[in-house]
*Asks:* 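Here you go, one structure.
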Amino acid sequence: MDVPLLLWKTLLLRPYVFFFLGVALVAASRLLGWKRTGALFGITWLTAFLCEFSSTRIGFPFGDYYYTGSTVGEELYVANIPFMDSLSFTFLLYASYCLVLWLLLPAGPASRESGLRLLARESLSWPVIGLTCLLFMLIDVVIDPVALRGERWFLGQIYGYPDPGVYFGVPLANFAGWFVVGLIAMTGYRVLDRRSSLLPAFPHAIPAQEVLLGCGLYYGVLLFNLVMTFWIGEWLLGLVGCLLYAPVTTLALLKFRGLPSSSFLCPPRQ
């Protein structure tokens with residue numbers, strides 16, 4: 001079966017994945033511009049694919065797992081990896097990055113313009129990258145257990161673990177692998193950023209409203225997976241996910257109280 005047809009069938013089978021991807025591309029292009037968006041998403045997809053290819057053969061970095069092949073012929077596979085799976089890493093990493101930027105946006109009357117510009121200069125600092133990878137890993141703590149139960153909802157049983165892990169059947173190595181993917185991808189993006197001839201300059205100021213689009217995507221994906229978790233009757237798993245996100249969500253909401261209203265008026269990236 002040819003690739004365009006399989007890609008079309010993938011779109012019909014996984015419309016929610018492409019919806020999230022579309023939102024991410026629009027949000028990222030507004031904040032970063034298309035060249036930076038292409039660089040970040042391209043590096044992330046390639047990193048995720050290579051790591052999945054490696055893990056399904058030698059167990060690194062996600063640990064040992066396998067794809068069942070139950071949807072072969074119904075969606076696009078690259079090698080033995082469902083295309084939509086490695087594609088999901090791209091918008092999840094971008095959304096995690098936006099949530100970190102939102103949490104770190106300076107608040108208070110002393111940071112109206114200079115603070116926002118200071119953050120823009122530090123937008124790819126190592127603390128930002130580290131926090132991005134942490135939130136990237138955290139959202140998989142919610143996603144992976146419900147995806148593992150895909151036969152009970154419309155995802156289907158597309159993968160499994162030879163040895164069930166301690167966290168609702170998911171090995172802890174899987175979560176470490178997500179951190180590794182995020183770290184490699186964000187480091188690669190940082191290297192390109194430091195070579196000014198390869199990418200356009202980062203926006204001199206970070207418009208809060210553009211960052212919020214990415215945050216909305218993050219919570220949209222989170223809510224989608226929590227709804228699926230409760231829908232299939234995994235109440236304990238769903239409650240654990242809600243508790244894990246209570247501190248992060250509280251901090252994100254408190255940011256509205258301290259952020260100057262003028263920060264929402266900064267011009268977006270052209």
Side-chain angles (χ1 to χ4, degrees), residues 5-24 45 48-49 51-52 55-56 62-78 80-96 99 135-175 177-178 181 215-246 248-249:
L5 179 57
L6 280 173
L7 189 58
W8 173 247
K9 294 182 74 172
T10 304
L11 175 61
L12 296 178
L13 186 65
R14 314 289 186 196
Y16 52 95
V17 173
F18 289 91
F19 171 77
F20 289 136
L21 176 63
V23 172
W45 178 82
F49 171 75
C51 286
E52 288 203 289
S55 288
T56 53
F62 296 108
D64 289 323
Y65 74 101
Y66 59 90
Y67 284 103
T68 64
S70 61
T71 56
V72 171
E74 298 178 30
E75 63 178 316
L76 179 64
Y77 278 69
V78 180
N80 65 315
I81 313 298
F83 178 64
M84 69 89 188
D85 198 75
S86 52
L87 194 65
S88 299
F89 285 81
T90 61
F91 58 78
L92 289 173
L93 186 62
Y94 173 73
S96 302
L99 185 54
L135 289 179
F136 183 57
M137 178 184 69
L138 184 62
I139 199 168
D140 185 60
V141 175
V142 174
I143 292 174
D144 211 279
V146 69
L148 187 61
R149 293 155 173 79
E151 81 283 355
R152 294 162 60 185
W153 54 290
F154 49 81
L155 176 67
Q157 190 64 52
I158 62 172
Y159 75 102
Y161 297 98
D163 300 309
V166 298
Y167 186 78
F168 297 98
V170 180
L172 298 182
N174 173 74
F175 305 129
W178 275 69
V181 169
C215 297
L217 172 64
Y218 189 96
Y219 275 94
V221 174
L222 177 64
L223 182 61
F224 173 83
N225 283 274
L226 285 175
V227 167
M228 290 298 104
T229 302
F230 286 115
W231 186 49
I232 64 175
E234 292 286 345
W235 292 93
L236 178 59
L237 177 58
L239 290 173
V240 170
C242 291
L243 289 174
L244 284 173
Y245 270 92
V248 176
T249 303

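These numbers come from the heavy atoms of this one structure, side chains and all, not from hydrogens, waters or symmetry mates. Since the model is a prediction, treat every value here as computed from it, not as a measurement.
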*Asks:* Do Thr71 and Arg14 touch side chain to side chain, with heavy atoms closer than 4.5 Å?
*Replies:*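 Yes, side chains in contact.
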*Asks:* If you round to the nearest 0.5 Å, how far is CG of Leu244 from CD1 of Ile139?
*Replies:*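 Answer rounded to 0.5 Å: 12.0 Å.
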*Asks:* Which atoms form the tightest heavy-atom contact between Ser86 and Ala48, and what is the distance?
*Replies:*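 Looks like O-CB, 4.0 Å.
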*Asks:* Within the supplied structure, the quantity of interest is the number of heavy atoms (other residues, nucleotides, ligands) at a distance under 6.0 Å from Phe19 CZ; does it exceed 12?
*Replies:*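 Not more than 12 within 6.0 Å, no.
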*Asks:* For Gln157 and Ser70, which heavy atoms make the closest approach, and how far apart are they?
*Replies:*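 For Gln157 versus Ser70, the nearest heavy atoms are O-OG, 3.2 Å.
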*Asks:* Can you name the one residue among Leu11, Leu13, Leu5, Leu7 that meets side-chain contact (heavy atoms from CB on, under 4.5 Å) with Leu76?
*Replies:*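 Option passing the side-chain contact (heavy atoms from CB on, under 4.5 Å) with Leu76: Leu7.
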*Asks:* How many angstroms lie between CG in Leu93 and CE in Met137, if you round to the nearest 0.5 Å?
*Replies:*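 Between Leu93 CG and Met137 CE, I get 13.0 Å after rounding to 0.5 Å.
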*Asks:* Could you check if a side-chain atom of Leu138 sits within less than 4.5 angstrom of a side-chain atom of Trp178, using non-hydrogen atoms only?
*Replies:*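 The answer is no, as the side chains (C-beta and beyond) never meet within the 4.5 Å cut-off.
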*Asks:* Closest heavy-atom contact between Asp144 and Tyr161?
*Replies:*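 It is OD1-OH, 2.9 Å.
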*Asks:* I need the Cys51 SG to Ile81 CD1 distance, nearest 0.5 Å.
*Replies:*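 Those atoms lie 10.5 Å apart.
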*Asks:* Could you check whether any side-chain heavy atom of Val221 comes within less than 4.5 Å of a side-chain heavy atom of Ile143, counting everything from C-beta outward?
*Replies:*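 Side-chain contact under 4.5 Å: yes.
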*Asks:* Quick one, Val170 and Phe175 - any side-chain contact, counting heavy atoms below 4.5 Å?
*Replies:*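 Yes, side chains in contact.
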*Asks:* Decide whether Tyr159 and Thr56 meet the rule of one side-chain donor and one side-chain acceptor closer than 3.5 Å.
*Replies:*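 Not at all, the side chains of Tyr159 and Thr56 share no donor-acceptor pair under 3.5 Å.
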*Asks:* For Trp45 and Leu87: C-alpha separation, side-chain torsions, deciding distance, then whether side-chain contact (heavy atoms from CB on, under 4.5 Å) applies.
*Replies:* CA-CA 6 Å; Trp45 178 82; Leu87 194 65; 4.3 Å; yes
*Asks:* For the residue pair Asp163 and Pro171, what are the closest heavy atoms and their distance?
*Replies:*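 The answer is O-CG, 3.9 Å.
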*Asks:* So, Thr249 side chain and Ala246 main chain: donor-acceptor pair closer than 3.5 Å or not?
*Replies:*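 Flag not set: sc Thr249 to bb Ala246 has no pair under 3.5 Å.
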*Asks:* Hey, mind stepping through Phe168 and Leu148 against side-chain contact (heavy atoms from CB on, under 4.5 Å) and telling me if it holds?
*Replies:* CA-CA 9 Å; Phe168 297 98; Leu148 187 61; over 6 Å; no
*Asks:* In terms of relative ring orientation, are Phe154 and Trp231 parallel, tilted or perpendicular, with 30° and 60° separating the classes?
*Replies:*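 Tilted: the ring planes of Phe154 and Trp231 meet at 30° to 60°.
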*Asks:* Can you tell if the side chain of Phe83 reaches within under 4.5 Å of the side chain of Tyr77, non-hydrogen atoms only?
*Replies:*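 SC-SC contact between Phe83 and Tyr77 ruled out.
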*Asks:* Is Phe49 close to Glu52 at the side-chain level, that is, under 4.5 Å between some pair of heavy atoms?
*Replies:*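 Counting from C-beta outward, Glu52 and Phe49 never come under 4.5 Å.
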*Asks:* What are the two closest non-hydrogen atoms of Asp140 and Pro145, and how far apart are they?
*Replies:*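 Asp140 and Pro145 have their closest heavy atoms at O-CD, 3.8 Å.
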*Asks:* Tell me, do Tyr245 and Leu226 make a side-chain contact under 4.5 Å, heavy atoms counted?
*Replies:*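 No, every pair of side-chain atoms sits at 4.5 Å or beyond.
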*Asks:* First locate atom CZ of Arg149, then atom OG1 of Thr229, and finally report the distance between them rounded to the nearest 0.5 Å.
*Replies:*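 It comes to 8.5 Å.
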*Asks:* Check step by step if side-chain contact (heavy atoms from CB on, under 4.5 Å) holds for Val146 and Trp153.
*Replies:* CA-CA 9 Å; Val146 69; Trp153 54 290; 3.8 Å; yes
*Asks:* Would a 4.5 Å heavy-atom cut-off, applied to side chains only, mark Ile158 and Met84 as touching?
*Replies:*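 Counting from C-beta outward, Ile158 and Met84 do come under 4.5 Å.
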*Asks:* Evaluate ring pair (Phe, Tyr, Trp, His ring centres under 6.0 Å) for Tyr67 paired with Tyr65, printing each intermediate quantity in order.
*Replies:* CA-CA 7 Å; Tyr67 284 103; Tyr65 74 101; 5.5 Å; yes
*Asks:* Can you label the angle between the Phe91 ring and the Phe20 ring as parallel, tilted or perpendicular, going by 30° and 60°?
*Replies:*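 The rings of Phe91 and Phe20 sit tilted, inter-plane angle from 30° to 60°.
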*Asks:* Mind checking the CZ-OH spacing from Phe136 to Tyr218? Nearest 0.5 Å is all I need.
*Replies:*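 With rounding to 0.5 Å, CZ (Phe136) is 9.5 Å from OH (Tyr218).
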*Asks:* Should the ring pair Phe62 and Phe89 be called parallel, tilted or perpendicular, given that the plane angle runs from 0 to 90° and is split at 30 and 60?
*Replies:*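 The arrangement is tilted - the two ring planes meet at 30° to 60°.
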*Asks:* Taking atom CH2 as the centre, does Trp8 end up with more than 12 heavy-atom neighbours from other residues, nucleotides or ligands that are less than 6.0 angstrom away?
*Replies:*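 No, CH2 of Trp8 has 12 or fewer neighbouring heavy atoms, counting only those of other groups under 6.0 Å.
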*Asks:* For Trp235 and Leu237, run side-chain contact (heavy atoms from CB on, under 4.5 Å): C-alpha distance rounded to whole Å, both residues' side-chain angles, the deciding distance at 0.1 Å, then the answer.
*Replies:* CA-CA 5 Å; Trp235 292 93; Leu237 177 58; over 6 Å; no
